Structures are given as structure tokens and as C-alpha cells.
Amino acid sequence: MARLNFFYNTDTCQYEPIKVKKKEVILNSLGLLSVSLILALIITVIFNTYFDTPTEALLKKENKTLSFHLASLAETYDDAATMMKVLKQRDTQLYTEIYDVEPNANSLVPESPLAYLKEDILQPHAYKKEVIGNFGHEVENILLQTEKSNSKLKEIFDIANKKIGDLEFIPTIQPVSNPDQSALVSGFGMRINPFHHGNIMHEGIDFSAPRGTPVYATATGTVNFIKKSEANTGFGNQVKIEHGNGFETKYTHLQEIIIKEGQEVKKGEIIGHVGSTGGIIAPAVHYELIQNGKKIDPVNYMIEGLVEAEYVKLLELALQKNQSLD
Amino acid sequence: MAKIKFTYNTETCRYEPVILKPKHVMSNIAGFLGVSLMIALGITYAYHSYFTPVKETRLLVENHDIKAQWDLLDHNITSLTDEIKQLEIRDDNIYRTILDVEPIASTVRQAGVGGSDPFQDINTSDTRESEMVLNTYKVLDKLKKQMYIQTRSYDDLEKILDEKQRMWNSKPAIYPLNYKDIRRTGSGFGWRSHPIFKRLKFHSGLDISAAHGKPIYATGDGIITTTRYSKSYGNVVYIDHDFGYETRYAHMSAFTVKEGQTVKRGDVIGYIGSTGWSTSPHVHYELVHNGKHIDPVPYLNKNLSEEELEKIIEASNEHDLVMDY
């Protein structure tokens with residue numbers, strides 16, 4: 001048992017035990033606590049300055065390593081970005097020298113809207129599925145309505161088909177496969193001649209394609225003219241097809257012709273292969289459309305198999321006032 | 001003054017004043033400090049267990065920042081990769097098609113991917129993100145190689161284009177006279193009755209009549225190989241256009257060029273005359289391809305308008321001025 005402490009009370013002239021007051025206990029405890037807090041703070045500061053916790057040590061190391069690699073990679077990236085600028089300039093320069101027009105700054109290569117469809121809609125990512133799921137009900141409704149309009153449209157198309165007659169005899173396709181439209185390099189109208197650089201009438205469309213690419217009949221018809229020429233000027237090896245309704249098409253600069261005069265050809269049938277016979281600077285087909293003896297712009301008919309955006313792209317390319325290939 | 005403390009001594013049965021010995025004072029202070037220290041350690045421990053210390057937070061923020069920058073770098077690299085891909089597509093699909101050269105094989109384009117790992121020396125043991133670090137190195141390295149290949153490709157294409165342009169510019173492609181000066185395009189290529197000998201003779205060129213002294217132009221870029229007088233041709237100029245083409249211009253009244261001189265399409269090489277076996281002022285224009293005379297008519301580009309022909313001639317004059325000074 002603790003010794004009792006007394007004090008001498010001068011009023012009562014007696015020794016009385018000292019009573020420990022609550023207030024004093026609290027004050028004492030608070031003192032103790034504040035000293036403890038100050039100590040805790042000092043400990044933390046010292047510890048932080050001279051030691052690291054394992055997590056901190058790991059982070060420190062990682063930050064240092066990552067910063068080092070980031071700086072080195074960023075430097076390499078800067079070099080690459082500078083190089084890319086040079087490459088783009090050279091690309092523009094080449095394009096300009098070949099076509100006599102600047103390339104479209106917005107799109108280096110005409111993008112196929114179909115590619116977009118495939119990636120973004122036909123193969124939805126997980127989150128898109130979720131979004132689509134939410135709209136499921138609405139989609140169902142729309143589908144129902146679409147089905148209704150579809151049958152209506154089918155009726156209209158049936159009537160239209162009867163009126164128009166067979167599209168087979170109208171040259172609505174392109175003479176070479178042209179999935180991203182970029183094969184069309186020069187359109188109908190005044191164009192710069194690649195040899196003497198004079199501005200002259202270019203009465204057809206040039207489709208550039210690698211040597212040997214198949215050339216298709218753009219509509220069903222009869223081959224009514226074939227001419228082969230070794231000369232390095234003019235149209236070289238050429239084919240003309242008569243389609244009826246006053247339409248004729250002409251395919252020139254072919255490497256070889258695999259049909260005969262008088263032969264019937266179907267729309268899309270291969271008539272020959274791309275070459276550079278005659279006066280042309282690159283392997284290409286110079287394609288002409290003749291209506292009632294007059295040469296007209298074939299792009300106006302090249303609608304088959306194209307969605308609107310693709311056709312717009314084709315039209316833009318055809319309207320460029322650039323250099324023709326022949 | 002502080003009250004004096006007393007204690008009741010049971011042995012002496014007396015109240016005795018408490019004397020504070022230094023030893024007691026010391027042990028009291030030590031005890032107090034000891035308890036404080038224990039509490040302080042407790043507080044520190046609790047703080048570390050329940051809260052993230054400031055220093056760690058700071059490091060975490062820094063770590064986060066670095067990773068955000070890393071993401072940005074990755075993003076930028078991806079857009080460069082997309083751009084180079086577009087350039088590659090254009091290179092293969094447009095330039096190489098137009099310039100009639102094989103596209104670059106995709107195995108070459110993917111240059112040196114695979115094989116020994118060139119990144120094994122990179123030390124990433126200090127980070128939990130070693131995959132991220134190595135991946136960025138690899139992607140950037142591949143990008144640089146692709147760009148290098150693209151650079152080489154442009155070098156090649158520019159060379160090819162230069163040569164092709166030289167070929168296009170050299171090919172005889174215009175009339176040797178200005179349209180307004182032409183009086184008559186006479187005897188063509190083939191078997192013709194000769195105006196002087198009055199018998200069928202092979203006519204190896206095209207006769208174009210014009211007034212005496214009208215200028216005659218080079219029909220394509222080339223080098224003057226011959227300027228001479230011959231009994232039959234009179235004053236004649238030969239131009240070698242390379243690529244197998246040669247043109248000859250006969251019966252001139254005078255030349256303006258010397259042998260060995262380079263000429264551009266549209267340059268004046270001489271003037272209309274009637275020298276040699278000729279009955280009236282005209283130019284006898286011959287086109288030789290790979291040593292054989294061919295009909296020059298298909299090479300004249302008759303659909304070229306007068307203004308356009310004049311532009312070509314003028315452009316060549318400008319060039320001459322530059323070359324002379």
C-alpha cells in the first residue's frame with residue numbers, strides 16, 4: 001500500500017492526509033499525454049528522416065527506376081516524333097510530285113466505312129454489349145418497325161426494278177477491284193498531262209493498280225472493238241464493249257486481253273489485265289464511258305456496292321484537278 | 001510557498017517531513033518519460049497501422065504521376081504507330097503501284113521482331129511494372145525500325161520517281177512548231193511520192209510547213225548529238241532523248257544549238273528553212289525509237305490546245321534564262 005502523505009493544517013493544527021483531487025489527476029494525465037504526443041511526433045520525424053517502411057522503400061526504388069526509363073524513352077520518342085514529321089513531309093512531297101496536288105490532310109488513306117462497321121458495330125466490346133443490352137427493348141421495337149418498312153421497301157424495289165429494267169446492262173461497277181477507293185487516281189475533265197504537263201481534256205477515269213490486276217466488264221454486253229498496239233503512245237491495248245441503251249465502255253492500256261471481238265461478256269467478267277501499254281506513266285486502266293457516241297463522266301454511274309460515304313470519297317478523288325496518268 | 005509534505009513514520013510514530021532525494025526525483029522523471037515513450041510508440045504504431053503516412057502518400061502520388069506520364073507516352077507512341085501504318089499503306093498501295101515497283105514485304109516491314117531479346121539487359125527488377133517498361137521499349141523500338149524502313153523506302157521511291165520524271169520529260173510529246181506558225185502538215189510517215197525525184201520513196205518522217213525563219217522546238221528533253229549540213233537534209237539537228245528515243249529536225253535555215261548541249265522540251269533549236277533537198281520552207285521531223293523510224297504523228301499530242309503548247313514553250317524559255325545566268 002502506498003504511503004499516505006500528510007500536510008500540516010495550520011488552521012486545525014493537525015496533520016491531515018493530502019487528498020488527491022480529480023482535477024490534478026486529469027491535469028497530470030494530460031501532461032503525460034502531451035509529452036507522449038510530442039515524443040511520438042519526434043519519433044515519427046526521426047524515423048521518416050532516417051528510415052523507410054518496406055512499402056516506402058519499394059515505392060522509392062520503383063519511382064526512381066520508372067523515372068529513369070521514362071526519361072530515356074521520352075527522349076527516344078521525341079526523336080521518333082521528329083523523324084515522323086520528316087517522313088510526313090517526304091510523303092506529301094512524293095504525293096505532290098506524282099499527282100500535282102497536295103494530299104488530303106484529313107485522311108492519308110481513304111478509310112472504308114465498311115471497316116468501321118465491322119470493328120465497331122459487328123464486334124461490340126464488352127462495355128458496348130452492356131450499353132446495347134440497356135437498349136435491347138428499344139432495339140426490338142425498331143427491328144419490328146424495320147421489318148415492316150422492309151417489306152414496304154421490297155414492294156417499291158420490285159416496282160422500280162421492273163421500270164428500270166436490268167441494271168446488268170448499265171455500267172455501275174468499277175473496272176478494277178477498289179475496296180478503299182484509292183485506286184481512282186484521276187477523274188474526267190481537264191487534267192495535267194504527265195508528259196508535257198499541258199492542261200488537256202481527260203476523257204475518262206484512271207484506276208491505278210498493280211500490273212496483272214484483273215479488269216472487269218462494268219456491265220453485260222458485246223465486245224465490239226479490240227486493238228492491240230506496241231507504240232509507247234496512245235491507248236495501247238484497248239477493248240470496247242457495247243451494252244445497249246446507247247452505252248459503250250472502253251478499257252485501255254491493258255497488259256493482255258483475254259476476250260475476242262464479238263464475244264458476249266457478263267457484268268463483272270474478267271476481260272484482261274492491268275498493264276501500261278501505250279502512253280501511260282504507270283500500270284493503270286484508263287476507263288471511258290460513252291453514251292450515244294459522247295464521252296461522259298463514268299463516276300456518275302459507279303454506284304454499285306458502295307455506301308454513301310464510300311461514294312463521296314470516290315467522287316472527291318474523281319474531282320481532284322490533278323495530273324492524269326495518260 | 002509550497003506546502004511541506006509529511007509522512008507518518010510507523011517506526012518512530014511521528015510525522016516526518018518528506019525529503020525529496022535527487023534519486024527519487026530522477027526515477028520519477030524517468031518513469032514519467034518511460035510511460036510517455038510507451039504511449040508515444042503506441043500512438044506511432046496506431047498511426048502507421050490505420051493511416052498512410054505522409055511520406056508514403058507523397059511517394060504514391062509521385063508513382064501515380066509517373067504512371068500517368070507513362071500512359072501518355074504509350075498513347076503518343078500508339079498514335080505514331082498509327083501514322084506510320086498509314087504512310088506504309090500509302091507507300092505500298094499508291095506510290096509503289098503508280099511507280100510500278102513491288103510493295104515492301106510485310107516481313108521486312110516488321111523488321112527484326114523476334115529472335116534474341118535485345119531488351120534483356122534492361123534492369124527492371126526494382127519495379128513491379130517490368131512488363132509495362134519492357135513493352136514500351138519493344139513498341140518504340142519496332143516503331144523506330146519501321147520508320148527507318150520507311151525512310152529507306154522514300155529514298156528508293158524518290159530515286160525511281162526522278163528517273164521516271166526524266167523519262168516522262170524526255171519522251172517526244174509535242175509539235176516541233178507553234179500551232180499558229182503551221183501552214184500545212186504535209187507528207188506523212190510511209191511510202192510517199194518524192195517531190196523532187198517523182199517516184200515512190202519511203203518517207204521516214206513528217207513534213208510540217210511554216211514560213212521561213214519560224215522557230216523549231218525540241219519535242220522532249222535531251223542532248224544535241226548532231227548539228228550538221230547534209231546534201232539531202234540540209235541543216236539538221238539530232239536530239240538524243242535517252243530511253244531509246246531520238247528526234248531529227250531537217251531543212252533548217254539555221255541552228256541555235258551546239259553539239260553536246262542539253263535542251264528542254266520547248267527549247268528553240270533552230271529556224272524553218274528550205275536547205276537540202278527541199279522545195280519549200282518546212283521542217284522534216286523524224287522520230288527514231290530503238291534505232292527504227294516510227295510514225296511521229298501519235299506522239300504529237302494534237303489534243304493539246306494552243307495556249308497550253310505556248311505555256312510549255314514559255315516554261316522552257318524561263319528555264320533557259322535560269323541556265324544562262
Side-chain angles (χ1 to χ4, degrees), chain A residues 3-8 15 18 32-33 35-37 39-40 43-44 48 53 55-56 59-67 69-70 73-74 76-77 80-81 83-84 87 90-91 94 97-98 108-109 182 185 193-201 208-211 231 233-234 276 281-283, chain B residues 3 5-8 15 18 32 35-37 39-40 43-44 55-56 59-60 62-63 66 69-70 73 76-77 80 83 86-87 89-90 93-95 97-100 126-129 133 136 140 143-144 147 150-151 154 157 161 164 168 171 173-174 265 298-299 301 303-304 308-309 311-312:
Chain A
R3 282 186 305 181
L4 280 173
N5 282 335
F6 298 88
F7 75 94
Y8 187 74
Y15 288 101
I18 297 171
L32 185 72
L33 263 178
V35 171
S36 301
L37 268 175
L39 267 175
I43 289 170
T44 310
N48 276 353
T53 63
T55 324
E56 284 167 359
L59 277 170
K60 241 186 192 171
K61 263 189 184 173
E62 179 166 301
N63 286 355
K64 204 180 154 196
T65 311
L66 287 182
S67 295
H69 288 305
L70 185 67
L73 282 165
T76 318
Y77 166 79
M83 198 165 158
M84 180 59 80
L87 282 177
R90 293 184 74 175
D91 175 75
L94 254 177
E97 274 191 51
I98 293 176
L108 284 172
V109 175
S182 65
V185 294
N193 180 284
F195 295 106
H196 52 63
H197 304 297
N199 203 11
I200 68 173
M201 185 62 190
S208 133
R211 209 174 277 285
T233 185
S276 59
I281 61 169
Chain B
K3 285 186 279 187
K5 283 180 186 169
F6 295 88
T7 180
Y8 187 72
Y15 288 101
V18 178
F32 182 80
V35 172
S36 291
L37 198 65
I39 296 172
I43 292 171
T44 312
K55 188 169 155 198
E56 194 181 319
L59 284 168
L60 271 172
E62 196 188 336
N63 191 266
I66 293 171
Q69 282 183 51
W70 202 288
L73 180 71
N76 286 345
I77 293 172
L80 278 193
E83 282 174 14
Q86 302 258 296
L87 291 182
I89 291 173
R90 190 137 93 181
N93 291 2
I94 300 184
Y95 303 144
T97 304
I98 289 271
L99 297 176
D100 202 8
D126 286 346
T127 163
R128 297 161 293 178
E129 306 288 349
V133 174
T136 307
L140 198 54
L143 174 72
K144 275 181 74 184
M147 290 174 108
Q150 194 54 42
T151 306
Y154 284 146
L157 290 179
L161 181 64
K164 292 230 172 196
W168 303 335
K171 190 175 165 185
I174 56 167
R265 178 184 287 134
Y299 289 82
N301 264 303
N303 50 0
L304 187 69
E308 292 297 327
L309 180 67
K311 263 191 228 162
I312 294 166

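What you see is a predicted model, and the numbers here were worked out from it, not measured in a lab. In what follows, every chain begins at residue 1, and chains take the letters A, B, ... in the order their sequences are listed. Keep in mind that the numbers below use all heavy atoms, side chains included, and drop hydrogens, waters and symmetry copies.
Among A:P283, A:A282, A:P210, the residue with the largest count of heavy-atom pairs under 4.5 Å with chain B is A:P283. Of the residues considered (A:N63, A:L39, A:L59), A:N63 shows the highest number of contacts with chain B, using heavy-atom pairs under 4.5 Å. The candidate with the highest count of non-hydrogen atom pairs below 4.5 Å against chain A, out of B:I39, B:D100, B:I43, is B:D100. Counting heavy-atom pairs closer than 4.5 Å to chain A, the top residue among B:V35, B:N63, B:T151 is B:N63. Each of A:V185, A:L87, A:I200 has some count of heavy-atom pairs under 4.5 Å with chain B, and the biggest count is that of A:L87.
Using a 4.5 Å cut-off between heavy atoms, B:I174 touches chain A through its side chain atoms alone. Contact annotation for A:S208: both backbone and side-chain heavy atoms come within less than 4.5 Å of a heavy atom of chain B. Interface residue B:L80: backbone and side-chain heavy atoms are both found under 4.5 Å from chain A. Only the side chain of A:T65 has a heavy atom closer than 4.5 Å to any heavy atom of chain B. For B:K171, the part sitting under 4.5 Å from any heavy atom of chain A is the side chain, from C-beta outward, and nothing else. Heavy atoms of B:I77 lying under 4.5 Å from chain A belong to its backbone as well as its side chain. Heavy atoms closer than 4.5 Å to chain A are found in the side chain of B:L161, but not in its backbone. Contacts of B:L140 with chain A are made by side-chain atoms alone, with heavy-atom separations under 4.5 Å and no backbone atom involved.
No side-chain donor-acceptor contact under 3.5 Å links A:Y15 to the backbone of B:Y8.
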A:Y77 vs B:L143, side chain to side chain contact (heavy atoms under 4.5 Å, CB included): CA-CA, chis, key distance, verdict: CA-CA 9 Å; A:Y77 166 79; B:L143 174 72; 5.6 Å; no
Stepwise side chain to side chain contact (heavy atoms under 4.5 Å, CB included) test for A:M84 and B:L87: CA-CA 10 Å; A:M84 180 59 80; B:L87 291 182; 3.9 Å; yes
Candidate pair B:L99 and A:I98, rule side chain to side chain contact (heavy atoms under 4.5 Å, CB included), full reasoning: CA-CA 9 Å; B:L99 297 176; A:I98 293 176; 4.3 Å; yes
Side chain to side chain contact (heavy atoms under 4.5 Å, CB included) evaluation trace for B:L37 with A:I43: CA-CA 9 Å; B:L37 198 65; A:I43 289 170; 4.1 Å; yes
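To the nearest 0.5 angstrom, B:Q69 atom CD is 12.0 Å from A:L73 atom CG. One distance of note links NE2 of A:H196 with OH of B:Y299; it measures 14.0 Å at 0.5 Å rounding. We find the CZ-NE2 distance between B:R265 and A:H197 to be 6.5 Å, quoted to the nearest 0.5 Å. Note that NZ of B:K55 is 11.5 Å distant from OG1 of A:T44, once rounded to the nearest 0.5 Å. Put simply, CD on B:E62 and OG on A:S67 are 6.0 Å apart, with the number rounded to the nearest 0.5 Å. Here the NZ-CD1 distance, from A:K64 to B:I66, works out to 12.0 Å after rounding to the nearest 0.5 Å.
Nearest heavy-atom pair across A:H69 and B:W70 is CB-CH2, 3.7 Å. Across all non-hydrogen atoms, the minimal contact from B:E56 to A:E56 is N-OE2, 3.4 Å. Counting all heavy atoms, side chain and backbone alike, A:A40 lies closest to B:A40 at N-CB, 3.4 Å. Residue B:K164 comes nearest to A:I281 through the heavy atom pair NZ-O, 4.4 Å, listed as atom of the first residue, atom of the second, then distance. Here the shortest heavy-atom pairing between A:A74 and B:L73 reads CA-CD1, 4.1 Å. The nearest pair of heavy atoms linking A:V35 to B:S36 is CG1-OG, 3.5 Å.
Ring geometry for B:W168 against A:F195 counts as perpendicular: the plane angle is over 60°, on a 0 to 90° scale with 30° as the lower cut.
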